[in-house]
Number of protein chains: 2
Amino acid sequence: MKPLLHPSIEDVTVEGILHALSDPVRVAIYAQIAASSCPQTCSDFLVVTDKEIPKSTLSQHFKTLREAGLIRSERQGVEMRNLSRCLEIEGRFPGLLPGILKAHQIQLGEAARRTKRPA
Amino acid sequence: MKPLLHPSIEDVTVEGILHALSDPVRVAIYAQIAASSCPQTCSDFLVVTDKEIPKSTLSQHFKTLREAGLIRSERQGVEMRNLSRCLEIEGRFPGLLPGILKAHQIQLGEAARRTKRPA
DNA sequence: TCCCGTAGTTCAGAAATAACGAACTATTGA
DNA sequence: TCAATAGTTCGTTATTTCTGAACTACGGGA
């Protein structure tokens, strides 16, 4: 099995980051990894946004996030620990990730309000 | 010909914005429209990032930006004037676009420095 | 040591999306 | 009315994404 690919921080591109986070499932995954202090496994996300995700699809999503430079994945025994590279990215592109995550939060809040008080 | 579609600001999504700006050509177009005080036409972008873009492709790129809510396109005589909706978006997702545009600028600056002093 | 269970990756075919040339529509000016 | 300019739409081709099935990797018993 090929070793996992982690781009060095200077190879990370804005387009790559935006593409990785332009998918609702991936941005939800990334937001949780970035918000959590302890690393998250893939299996923590078999259900995202009330939707079941096949594990092969999930694996591809993690690959996309990893190769965009957003997360670092390390094998820890039988499972894979994923943690955010937000500090590195903040050093290179200050404000980018906070802006995206904040916007994501706002959108989540609006959706919650809509379902709570429907019309 | 169908009238152009402009989503109302509450229908604009973070994912849509990120997807629209995850393409190098589109982010370059949008950055120029956002930076310029006067509206820009499609034809201003037949060459972007030193690459010729076929006009049908260009038209699709503008459609993507438009339907993501990033720009407003208005016919003015024979041409189409495009202007940024950044104020509206800033009202809904504060910091999102500035963060992305700033990161884009940083990346442009690095690329320029690399080609000026190669190796 | 040899299975077995769990966690995740890889592969391959199908489905969805994007690119672009050719044909079309809309507007202006001669 | 005709020609020229600016963009859009359509249809085909190319690329990307999704997902089930098969596979790899590691850990823990018997």
Side-chain angles (χ1 to χ4, degrees), chain A residues 1-6 13 15-30 32-33 38-68 70-83, chain B residues 1-6 13 15-30 32-33 38-68 70-83:
Chain A
M1 200 170 297
K2 300 155 194 169
L4 302 182
L5 226 111
H6 293 96
T13 67
E15 295 93 315
I17 290 176
L18 298 187
H19 172 254
L21 298 181
S22 69
D23 179 275
V25 171
R26 283 194 299 261
V27 75
I29 292 173
Y30 179 72
Q32 179 164 330
I33 291 176
C38 62
Q40 308 283 298
T41 69
C42 286
S43 310
D44 292 335
F45 300 95
L46 283 170
V47 173
V48 175
T49 325
D50 291 326
K51 228 178 28 146
E52 287 199 24
I53 314 288
K55 66 177 188 169
S56 61
T57 304
L58 207 52
S59 178
Q60 295 298 332
H61 282 323
F62 274 90
K63 185 182 181 190
T64 301
L65 291 171
R66 195 163 50 232
E67 298 188 351
L70 284 164
I71 62 174
R72 191 175 296 281
S73 309
E74 302 171 342
R75 183 174 280 279
Q76 207 97 55
V78 77
E79 62 192 16
M80 201 72 88
R81 301 306 184 81
N82 296 284
L83 41 92
Chain B
M1 200 169 295
K2 300 159 195 167
L4 302 182
L5 224 109
H6 293 95
T13 67
E15 295 93 310
I17 290 176
L18 298 188
H19 172 252
L21 298 180
S22 69
D23 179 276
V25 171
R26 284 196 297 264
V27 74
I29 292 173
Y30 179 73
Q32 180 165 330
I33 291 176
C38 62
Q40 308 283 297
T41 70
C42 285
S43 309
D44 291 336
F45 300 96
L46 283 169
V47 174
V48 175
T49 323
D50 292 326
K51 227 177 28 146
E52 288 200 24
I53 314 287
K55 67 176 184 166
S56 62
T57 303
L58 205 52
S59 177
Q60 295 299 332
H61 282 323
F62 274 90
K63 185 182 181 190
T64 300
L65 291 170
R66 196 161 50 232
E67 299 188 350
L70 284 163
I71 62 173
R72 192 175 295 281
S73 309
E74 303 171 341
R75 184 174 278 278
Q76 207 98 56
V78 77
E79 61 192 16
M80 202 73 88
R81 300 307 184 79
N82 296 284
L83 41 92

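Throughout, protein chains are lettered first and strands after them, A, B, ... in sequence-line order, and every chain is numbered starting at 1.
- With rounding to the nearest 0.5 Å, the separation of NZ in B:Lys55 from CG in B:Leu58 is 10.5 Å.
- Comparing D:dC18, C:dT9, C:dA26 by their closest approach to the side chain of B:Val78 singles out C:dA26.
- Looking at which nucleotide of DNA chain D each of A:Gln60 and A:Gln76 is closest to, the 5′-most match is held by A:Gln60.
- Looking at every heavy atom in both residues, B:Glu15 comes nearest to A:Ser22 through CB-O, 3.6 Å.
- When the nearest nucleotides of DNA chain C are assigned to A:Ser56 and A:Glu79 by heavy-atom distance, the more 5′-ward of the two goes with A:Glu79.
- In terms of heavy-atom proximity, A:Arg26 sits nearest to A:Leu21 at O-CD2, 4.5 Å.
- OP1 or OP2 of D:dT8 sits under 4.0 Å from a side-chain N or O of B:Arg66.
- The side chain of B:Lys55 has D:dA6 as its nearest neighbour among D:dA6, C:dA19, C:dT10.
- A:Ile33 contributes atom CD1, which lies 4.5 Å from atom CD1 of A:Ile71 (distance to the nearest 0.5 angstrom).
- A distance-only check finds a donor-acceptor pair linking the side chain of B:Gln40 to the backbone of B:Cys38 [under 3.5 Å].
- In the set D:dT17, D:dT9, C:dT10, D:dT17 carries the atom at the smallest distance from any side-chain atom of A:His19.
- Residues of residues 38-49 of chain A having a heavy atom closer than 4.0 Å to DNA chain D: none are found.
- Checked against C:dT9, D:dA6, D:dC18, the side chain of A:Thr57 finds its nearest nucleotide in D:dC18.
- Here the nucleotide nearest the side chain of B:Met80, chosen from D:dC26, D:dT8, D:dT9, is D:dT8.
- Contact record, B:Cys42 with B:Asn82: N-ND2, 3.9 Å, taken as the closest heavy-atom pair.
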